[in-house]
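Note that the structure is predicted; figures quoted are calculated from it, not measured.
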Amino acid sequence: MRLGLALGYWGRGPSPGHVELAREAERLGYDSVWTAESWGSDAFTPLTWIAAHTSTIGLGTAVAQMAARSPTTTAMHALTLDHLSGGRMTLGLGLSGPQVVEGWYGRPFPASPLTATREYVDVVRQVLRREGPVELDGRFHPHPYRGPDGTGLGKPLKPITHPLRAGLPVLLGAEGPRNVAQTARIADGWLPLYWSPDRPDAYGPAVAELPEGFRVAPMARVRVCDDLAEGLLPVKAMLGFYIGGMGHARRNFHADLMARMGYEEEARRIQELFLAGRREEAVLAVPDAFADEISLVGPRERIAERLERWRAGPVTDLLVLTPDPHTLRVLAELNS
């Protein structure tokens, strides 16, 4: 199981320690470093900055949001950074949800998310292969565009720049069983959310039949500490925000996933509290058991024991979310 460093997205401003943390991860033998985006900082610019200050560690987005860019724009970002970094780029994509797509990006959430994702990946792959002009008679991402409000002058194009790698890896964030099954068919890997090594069935039957060489790269908060309850608080804070605030009361993919993992009543309670403005109560309503099973928290010996369960399943890359260099070092030692 390879280790990756997950840096997430910025809060109020740039995170000053990210470059140093990435360099430490590279020194410790971590395989990759990953950035993200929500509705603030973008994923590609910080990753480019990190690429300029490192030399060997892989670079990934976990995730870049599809609604933020057309598929050709995303492919341009990926192929450009792949060239600048000497072939270190992995493209992780996610659809996000209606709240973000419509509220932040100002575009409709696709009526058929599976079709929209499939078309998006198709266009990205065409750009990276550069076998001919990009053409797709698609519902959501037609190339060229031939809609009634167009000029009719669009022509199929292929990238001027020759991509460094036609097979640049494309990974997808997916939560629902049908989405996970499609990811196994069209992508090089999967970025699960809230991975529990004890509940792989929560993502559907496709998890048991993943193709050879397919990457499974969940993100997990890791912290070496003596006080388990204190160590779980950041995990619970993250869950309270995602379960309660990252979506609408009627449509929240994160809450639905928590429900499938056996915590339906708790997920709905977290939503109710968060949407009522009682955020601290929402965080405290996150069960310690749920926060614990999707993270690696506690003394070194406890983490070592629990790490074996992560290794025993389909996980190929553990993306470690921690701001602590000591935790990075301990995990590198335990995973060696």
Within 6.0 angstrom of Met76 CE, more than 12 heavy atoms from elsewhere: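 Not buried by this count: 12 neighbours or fewer within 6.0 Å.
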Taking every non-hydrogen atom, the tightest pair across Ala25 and Leu5: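 That closest heavy-atom pairing would be CB-CD2, 4.0 Å.
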Can you tell me how far the OG1 atom of Thr327 sits from the CZ atom of Arg300, to the nearest 0.5 Å?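 Nearest 0.5 Å value for the OG1-CZ distance: 11.0 Å.
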Give the cluster check for Leu296 versus Leu321: same hydrophobic cluster or not, with ILVMFWY residues linked at side-chain heavy-atom distances below 4.5 Å.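 They do not share one cluster, since no chain of ILVMFWY contacts under 4.5 Å joins Leu296 to Leu321.
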Beyond-backbone contact of Phe290 with Val235, side-chain heavy atoms, under 4.5 angstrom: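 The answer is no, as the side chains (C-beta and beyond) never meet within the 4.5 Å cut-off.
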Do Pro108 and Val101 have side chains that approach each other closer than 4.5 Å (heavy atoms only, starting at C-beta)?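 No. Closest side-chain heavy atoms not under 4.5 Å.
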Non-hydrogen side-chain atoms of Tyr9 and Trp39 separated by less than 4.5 Å: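 Not touching, per the 4.5 Å side-chain cut-off.
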For Trp104, does the CH2 atom sit with more than 12 other heavy atoms under 6.0 Å from it, leaving out its own atoms?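 Count not over threshold, so no.
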I'd like to check Val330 versus Ile303 (side-chain heavy atoms, cut-off strictly below 4.5 Å). Are they in contact?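 Counting from C-beta outward, Val330 and Ile303 never come under 4.5 Å.
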N/O donor-acceptor pair under 3.5 Å between Arg2 side chain and Ser32 backbone: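 A pair under 3.5 Å: no.
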Ignoring hydrogens and geometry, is there a side-chain-to-backbone donor-acceptor pair from Asp188 to Leu171 under 3.5 Å?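 No, the answer is negative, given that no donor and acceptor are paired below the 3.5 Å cut-off.
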Quick check on Glu305: does its CD atom have over 12 non-hydrogen neighbours (other residues, nucleotides or ligands) under 6.0 Å away?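 Counting neighbours around CD of Glu305, 12 or fewer heavy atoms of other residues, nucleotides or ligands fall under 6.0 Å, so no.
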Please step through side-chain contact (heavy atoms from CB on, under 4.5 Å) for the pair Gln65 and Tyr105, ending with a clear verdict. CA-CA 10 Å; Gln65 295 176 330; Tyr105 294 114; 2.4 Å; yes
Step-by-step side-chain contact (heavy atoms from CB on, under 4.5 Å) determination, Thr61 to Leu93: CA-CA 7 Å; Thr61 54; Leu93 300 170; 5.6 Å; no
Are any side-chain N or O atoms of Arg223 and backbone N or O atoms of Leu232, one a donor and one an acceptor, separated by less than 3.5 Å?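 Between the backbone of Leu232 and the side chain of Arg223 there is no qualifying donor-acceptor contact (under 3.5 Å).
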Strictly below 4.0 Å, N to O, side chains only: are Asp137 and Arg146 in salt-bridge contact?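 Arg146 and Asp137: not salt-bridged.
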For the pair Arg199 (side chain) and Arg260 (backbone), establish whether a donor and an acceptor sit closer than 3.5 Å, ignoring hydrogens and angles.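 Side chain of Arg199 to backbone of Arg260: no pair is present.
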Does Asn335 reach the main-chain N or O of Met1 with its side chain, forming a donor-acceptor pair under 3.5 Å?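 Judged by distance alone, yes, a pair lies under 3.5 Å.
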Look at the rings of His254 and Tyr194 and say which category their plane angle falls in: under 30° parallel, 30 to 60° tilted, over 60° perpendicular.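 Ring orientation, 0 to 90° scale: perpendicular.
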If you draw a 6.0 Å radius around CD in Glu308, do more than 12 non-hydrogen atoms from other residues or ligands fall strictly inside?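 Yes, because the 6.0 Å sphere around CD of Glu308 holds more than 12 heavy atoms from other groups.
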Identify whether the distance between the nearest side-chain nitrogen and carboxylate oxygen of Glu26 and Arg23 falls below 4.0 Å.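 Judged by the 4.0 Å cut-off on N to carboxylate O distance, Glu26 and Arg23 do not form a salt bridge.
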So Met89 and Phe44, do their side chains get closer than 4.5 Å, heavy atoms only?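 Yes. Closest side-chain heavy atoms under 4.5 Å.
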Mind checking the OG1-NE2 spacing from Thr80 to His83? Nearest 0.5 Å is all I need.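 Answer for the OG1-NE2 pair, Thr80 versus His83, is 7.5 Å.
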What is the minimum heavy-atom distance between Asp82 and Arg165, and which atoms define it?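 For Asp82 versus Arg165, the nearest heavy atoms are OD1-NH2, 2.7 Å.
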Please report the shortest heavy-atom distance between Gly138 and Pro142, naming the atom on each side.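 Taking Gly138 first and Pro142 second, the nearest heavy atoms are O-CB, 3.6 Å.
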Are any of the side-chain nitrogens in Asp256 or Arg268 under 4.0 Å away from the carboxylate oxygens of its partner?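 Yes.
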same_hphob_cluster(Ile294, Leu307) at 4.5 Å side-chain heavy-atom cutoff: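 They do share one cluster, since a chain of ILVMFWY contacts under 4.5 Å joins Ile294 to Leu307.
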Treat each ILVMFWY residue as a node, draw an edge where side-chain heavy atoms are under 4.5 Å apart, and state whether Val216 and Leu331 are in one component.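 Val216 clusters together with Leu331.
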Non-hydrogen side-chain atoms of Arg279 and Val283 separated by less than 4.5 Å: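 Answer no - side chains too far apart.
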Search all heavy atoms of Ser295 against all heavy atoms of Arg221 and return the closest pair with its distance.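 The answer is CB-O, 3.3 Å.
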Would you say that Leu239 contacts Met258 through its side chain, given a criterion of any heavy-atom pair below 4.5 Å between the two side chains?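 Result no, sub-4.5 Å side-chain heavy-atom pair not found.
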Do Leu47 and Met66 belong together in a cluster built from hydrophobic side chains that touch within less than 4.5 Å?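 Yes; Met66 is reachable from Leu47 via cluster members.
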Mind listing the closest non-hydrogen atom pair of Ser41 and Trp10 along with its distance?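 It is OG-N, 3.0 Å.
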How far apart are the closest heavy atoms of Leu59 and Ser85, and which atoms are they?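 For Leu59 versus Ser85, the nearest heavy atoms are CD1-CB, 3.5 Å.
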About how many Å separate CG of Leu191 and CE of Met219, when rounded to the nearest 0.5 Å?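 Result: 7.5 Å between the selected atoms.
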Report the distance from atom CD of Glu301 to atom CG of Leu334, rounding to the nearest 0.5 Å.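 CG of Leu334 is found 9.0 Å from CD of Glu301.
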Could you check whether atom CD of Glu280 has more than 12 heavy atoms from other residues, nucleotides or ligands sitting under 6.0 Å from it?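 Result for CD/Glu280: open.
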Residue of the set Leu318, Asp317, Leu328 for which side chain to side chain contact (heavy atoms under 4.5 Å, CB included) holds with Leu3: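 Considering Leu318, Asp317, Leu328, a side chain to side chain contact (heavy atoms under 4.5 Å, CB included) with Leu3 is found only for Leu318.
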Do any N or O atoms from the side chain of Arg130 and from the backbone of Pro163 form a donor-acceptor pair under 3.5 angstrom?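 Checking the backbone N and O of Pro163 against the side chain of Arg130, no donor-acceptor pair under 3.5 Å is found.
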Considering residues, nucleotides and ligands other than Arg311, do more than 12 of their heavy atoms fall under 6.0 Å from its CZ?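 Count over threshold, so yes.
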Report whether Leu164 and Leu91 are members of the same hydrophobic cluster (ILVMFWY, side-chain heavy atoms less than 4.5 Å apart, transitive linking).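 No, it is not one cluster - the side chains of Leu164 and Leu91 are not joined through contacts under 4.5 Å.
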I want to check something: taking the side chain as every heavy atom from C-beta on, are His18 and Thr35 in contact at a cut-off of under 4.5 Å?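 Not touching, per the 4.5 Å side-chain cut-off.
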Checking the side chain of Arg69 only, and the main-chain atoms of Thr74 only, is there a donor and an acceptor separated by less than 3.5 Å?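 Flag not set: sc Arg69 to bb Thr74 has no pair under 3.5 Å.
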Enter the distance from Leu257:CG to Trp195:CH2 here, rounded to the nearest 0.5 Å.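 It is 11.0 Å, given to the nearest 0.5 Å.
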Just verifying a value: how many Å separate Leu114 CG and Gln182 CD, rounded to the nearest 0.5 Å?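 One finds 5.0 Å between CG of Leu114 and CD of Gln182.
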Looking at Arg329 and Glu24, is there a salt bridge between them, counting it only when a charged N and a carboxylate O are closer than 4.0 Å?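 Result for this pair is yes, salt bridge flagged.
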Arg88 side chain vs Ile57 backbone, donor-acceptor pair below 3.5 Å: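 Indeed, once roles are kept as given, a pair shorter than 3.5 Å links the two residues.
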Whether Glu37 side chain and Asp42 backbone form a donor-acceptor pair below 3.5 Å: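 A pair under 3.5 Å: no.
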From CA spacing to verdict: side-chain contact (heavy atoms from CB on, under 4.5 Å), Val100, Ser38: CA-CA 8 Å; Val100 175; Ser38 53; over 6 Å; no
Output yes when Arg309 and Glu293 qualify as a salt bridge under the 4.0 Å nitrogen-oxygen rule, no when they do not.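 Here Arg309 does not pair with Glu293 in a salt bridge, since their nearest N and O are not under 4.0 Å apart.
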Determine, step by step, whether Leu157 and Val134 satisfy the side-chain contact (heavy atoms from CB on, under 4.5 Å) criterion, reporting the C-alpha distance in whole Å, the side-chain angles of both residues, the deciding distance to 0.1 Å, and the verdict. CA-CA 6 Å; Leu157 300 169; Val134 176; over 6 Å; no
Any pair counted as ring pair (Phe, Tyr, Trp, His ring centres under 6.0 Å), so long as it reaches residues 129-186, sequence neighbours left out: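 Residue pairs passing ring pair (Phe, Tyr, Trp, His ring centres under 6.0 Å), neighbours aside: Tyr120-His141.
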